[in-house]
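Here's the structure we're looking at; comments come further down.
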Amino acid sequence: MRIYTFNINGIKARFEALTRWLPEALPDVVLLQEIKSVDSGFPRAHFEDMGYRVETHGQKGFNGVGILSRLPLEDVARGLPGDETDEQARWIEATVIGAARAVRVAGLYLPNGNPAPGPKFDYKLAWMERMHARAAALLTSEEPVVMAGDYNVIPQPEDAAKPEAWVDDALFRPESRAAFRRILALGYYDAFRLKVQGPGHYSFWDYQAGAWDRNNGIRIDHLLLSPQAADLLEDVGIDKAERGRDKPSDHVPVWAQLLA
DNA sequence: ATGCCATCCAATGGATGA
């Protein structure tokens, strides 16, 4: 089972690119972020015709997450628990029925948090506390769990081409990185770093200032694996070439292959 | 130092993003 995370930066703007990419990559599961659409505006039938189950948790204009899956989905849940007043659509869960076994997946779009300090940064850290609680709860099932999405966190200096440019940014501030480590410390593993070491691996390049041409990227799209999922990990990858295609998202697909 | 570009909604500009 190959699971992808892909921040598409708008389903309307990425419709053609996503339609081209799906039959090329043939993902089993895609966790989408920033669909920037309400559920009724998502082109569900189009992707169903391409062989995918479609589940979305959208909102008007911004944010929004979704799941495309060629495998059956069960027990879909929308929204991150812990704050009934939070109206931002950033979390969706489902159980994917693989050929060998089932995997619980969570797709997430973690708040950006800039400018920091400020209310948006406070919201980011509070959201990460809620995610920590949900991540702990998911571990109790003892089934394989994959939490994948746009974390808006640069875990280590080696995950940025120019780490010095990010020192005061909400993506790299000590509080954000500590909150990310606290989730890992529950017993989760960064799938990419289980297989690939060293600098120079990025998942996002800004549209501005020639960031792509200069390879000025950051690695902020992650798949976190429970111990049971880590035991099934076969391979990982970043589809960097997608950033160079026509009308790309500023993020590229990142994936993990599980024996499931 | 800087939203330099892209997207969405709505309206010929503003908000947001990382």
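What you are looking at is a predicted structure, and each value in this text was computed from that prediction instead of being measured. Numbered from 1 within each chain, the chains take letters A, B, ... in sequence-line order.
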Checklist entry - Counting any heavy atom closer than 4.0 Å, what does N114(A) reach on the DNA or RNA strands: base, sugar-phosphate only, or nothing? => result base
Checklist entry - Over how many whole Å does the gap from R214(A) atom CZ to dC5(B) atom P extend? => result 13 Å
Checklist entry - So what does the secondary structure string of DNA chain B come out as, 5' to 3', with Watson-Crick or wobble pairs under 3.5 angstrom, [ ] for crossing and | for pairs with another strand? => result ....(((((...))))).
Checklist entry - Quick one: does Y109(A)'s side chain get under 4.5 Å of Q88(A)'s, heavy atoms only? => result no
Checklist entry - Is a salt bridge present between R193(A) and D159(A), judged by a nitrogen-to-oxygen distance below 4.0 Å? => result yes
Checklist entry - At under 4.0 Å between heavy atoms, what does D150(A) touch on the DNA or RNA strands: base, sugar-phosphate, or nothing? => result sugar-phosphate
Next on the checklist: Closer than 4.0 angstrom, basic N to acidic O: yes or no for R130(A) and D86(A)?
Outcome noted: yes
Item to check | Sidechain N-carboxylate O distance under 4.0 Å for R173(A), E175(A) | outcome: yes
Item to check | Spacing of the P atoms in dC4(B) and dG14(B) (rounded, Å) | outcome: 13 Å
Item to check | Separation of the P atoms in dA1(B) and dA6(B), to the nearest angstrom | outcome: 24 Å
Item to check | D246(A) CG to dA6(B) C1', straight-line distance once rounded to whole Å | outcome: 15 Å
Next on the checklist: For E143(A), is there an ion pair with R101(A) - N to carboxylate O distance below 4.0 angstrom?
Outcome noted: no
Item to check | Centroid-centroid distance, F192(A) to H201(A), less than 6.0 Å | outcome: yes
Checklist entry - If you look at every strand shown and take non-hydrogen atoms under 4.0 Å, does Y151(A) touch a base, only sugar-phosphate, or nothing? => result nothing
Next on the checklist: For the C1' atoms, the ones on dA15(B) and on dA10(B), what distance do you get once it is rounded to whole angstrom?
Outcome noted: 11 Å
Next on the checklist: Without decimals, in angstroms, what is the distance between D250(A) CG and dG3(B) P?
Outcome noted: 16 Å
Identify all pairs in which a protein N or O lies below 3.5 Å from an N or O of nucleotides 7-13 of chain B, and state each distance.
{"from": "dT7(B)", "atom 1": "OP1", "to": "R14(A)", "atom 2": "NH1", "distance (Å)": "2.9"}
{"from": "dT7(B)", "atom 1": "OP1", "to": "R14(A)", "atom 2": "NH2", "distance (Å)": "3.0"}
{"from": "dC8(B)", "atom 1": "OP1", "to": "A13(A)", "atom 2": "N", "distance (Å)": "3.3"}
{"from": "dA10(B)", "atom 1": "OP1", "to": "K60(A)", "atom 2": "NZ", "distance (Å)": "2.9"}

Item to check | Spacing of E34(A) atom CD relative to dG17(B) atom C1', expressed in whole Å | outcome: 7 Å
Checklist entry - Rounding to the closest angstrom, what is the interatomic distance between dG13(B) and dG3(B) at atom C1'? => result 15 Å
Checklist entry - Charged N to carboxylate O below 4.0 Å: is that the case for R53(A) and E74(A)? => result no
Checklist outcome for this item: The residue, P111(A) or D206(A), whose nearest nucleotide of DNA chain B is more 5′ is D206(A)
Checklist entry - Taking atom C1' of dA6(B) as reference, at what distance in whole Å does atom CH2 of W205(A) sit? => result 17 Å
Checklist entry - Atom CG of N63(A) and atom P of dA15(B): how far apart are they, to the nearest Å? => result 17 Å
Next on the checklist: Taking the basic N atoms (NZ, or NE/NH1/NH2) and the acidic carboxylate oxygens, is any pair closer than 4.0 Å for D28(A) and R70(A)?
Outcome noted: yes
Checklist entry - What is the distance from NZ of K124(A) to C1' of dT16(B), rounded to the nearest Å? => result 15 Å
Checklist outcome for this item: Residues at least two apart in sequence or cross-chain that pass salt bridge (charged side-chain N to carboxylate O under 4.0 Å, His left out) with D190(A), listed by chain then number, are R219(A)
Next on the checklist: Closer than 4.0 angstrom, basic N to acidic O: yes or no for E16(A) and R20(A)?
Outcome noted: no
Next on the checklist: From CD of Q33(A) over to C1' of dT16(B), roughly how many Å is that when rounded to an integer?
Outcome noted: 17 Å
